[in-house]
Amino acid sequence: MKLGWSRTDGNTLTGLLGLAFAIEGLFGVLIPALHVAGLTSTRATREVGVSGAAHPLAEGGVSGVAQPIAEGGGMTLSAAESATLTVADPSLGQRVLLDLPTLFDAAPILLGLYLLFLVARTFSTGDPFEPRNPRRIFGISILIALGSLGNGLLTALTNHFLVVGTPLEQQVPFSWHISFLPLGVAAVVAALAQAFRVGVRLRADTEGLV
């Protein structure tokens with residue numbers, strides 16, 4: 001079962017995937033790693049959830065402009081519609097905590113792009129129902145789900161460890177937000193993997209009749 005797919009189409013798709021891989025490697029791995037090493041700007045911010053008691057402290061200011069809530073441990077907590085934790089001069093441990101979610105998020109994205117690149121190569125040969133493609137596509141769905149859940153949990157944990165033992169601890173509770181959109185995307189990709197699995201089986205049945 002062959003697909004009408006030109007060499008130019010294949011080169012364009014694999015080129016775009018390679019570009020995406022390079023961009024993610026730059027912004028998801030290299031720049032955070034440089035920040036952890038202290039080789040880029042040290043000032044850092046992080047969006048955080050705050051306790052209900054902290055919100056009235058930000059009232060009375062200009063709408064949309066962050067108002068100070070609390071300070072301590074070299075950090076400032078301010079809030080407008082959302083709260084922003086600012087670390088003016090983070091230590092090595094704080095830099096690790098600040099950039100760990102980004103570094104973690106890059107791993108499933110890069111691996112997913114690599115799997116997608118392998119699938120794209122089979123399109124270039126005109127054979128999308130290569131037997132390994134269903135496993136590759138299902139692997140992408142797992143990476144999407146794990147990346148979403150893991151990043152949310154890691155962000156909550158690093159937020160907690162950034163403020164624990166400081167005056168900001170009471171204003172920034174442990175909060176793990178789960179986004180259902182990536183989980184829905186993962187389910188759709190898993191269904192696509194099943195469709196490819198059926199295509200592989202039909203191809204094998206068809207070739208068996210020849």
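Side chains are part of it too, since the values below use all heavy atoms of this structure and drop only hydrogens, waters and symmetry mates. Along the sequence shown, the residues carry numbers beginning at 1.
Heavy atoms from other residues, nucleotides or ligands lying under 6.0 Å from CZ of F174 number more than 12. More than 12 heavy atoms of other residues, nucleotides or ligands lie within 6.0 Å of CZ in F104, so this atom counts as buried by the packing criterion.
At least one side-chain heavy atom of V200 sits less than 4.5 Å from a side-chain heavy atom of P134. Considering only heavy atoms from C-beta on, V163 comes within 4.5 Å of T166 through its side chain.
Note on L168 and L97: same hydrophobic cluster, where clusters join Ile, Leu, Val, Met, Phe, Trp and Tyr whose side-chain heavy atoms are under 4.5 Å apart, directly or indirectly. Note on L17: it clusters hydrophobically with F21, by side-chain heavy-atom contacts below 4.5 Å among ILVMFWY residues. L146 and L143 are not part of a single hydrophobic cluster, where members link through side-chain heavy atoms under 4.5 Å apart. Placement of L19 and L30 within a single hydrophobic cluster is found when ILVMFWY residues are connected by side-chain heavy-atom separations under 4.5 Å, directly or transitively. No path of Ile, Leu, Val, Met, Phe, Trp and Tyr side chains, each step under 4.5 Å between heavy atoms, connects I23 with L113, placing them in separate hydrophobic clusters.
A donor-acceptor pair is defined here as one N or O able to donate and one able to accept, closer than 3.5 Å; no such pair exists between the side chain of R46 and the backbone of T86. Between the side chain of R95 and the main chain of H35, a donor-acceptor pair closer than 3.5 Å is present. The closest donor-acceptor contact from the side chain of E169 to the backbone of G165 lies under 3.5 Å.
How far CG of L116 is from OG1 of T14: 11.0 Å, rounded to the nearest 0.5 Å. For the atom pair I109 CD1 and I144 CD1, the distance stands at 10.0 Å (nearest 0.5 Å). The CG atom of L39 lies 12.5 Å from the CD1 atom of I31; values are rounded to the nearest 0.5 Å. Here the OG1-CZ distance, from T122 to F117, works out to 11.0 Å after rounding to the nearest 0.5 Å.
The aromatic ring centres of F196 and F129 sit less than 6.0 Å apart.
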Can you give the donor-acceptor pairs under 3.5 Å from side chains of residues 150-157 to other protein atoms, not counting sequence neighbours?
| residue | atom | partner | partner atom | Å |
| --- | --- | --- | --- | --- |
| N151 | ND2 | P101 | O | 2.9 |
| T155 | OG1 | N151 | O | 2.8 |

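Contact between D89 and Q94 at its shortest, heavy atoms only, is O-OE1, 4.2 Å. Closest approach of M75 to L162, counting heavy atoms only: CE-O, 3.1 Å. Considering every non-hydrogen atom in both V29 and L110, the closest pair reads CG2-CD1, 3.9 Å.
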Evaluation steps, side-chain hydrogen bond (donor to acceptor under 3.5 Å, both in side chains), between H160 and T158 = CA-CA 5 Å; H160 171 74; T158 53; over 6 Å; no
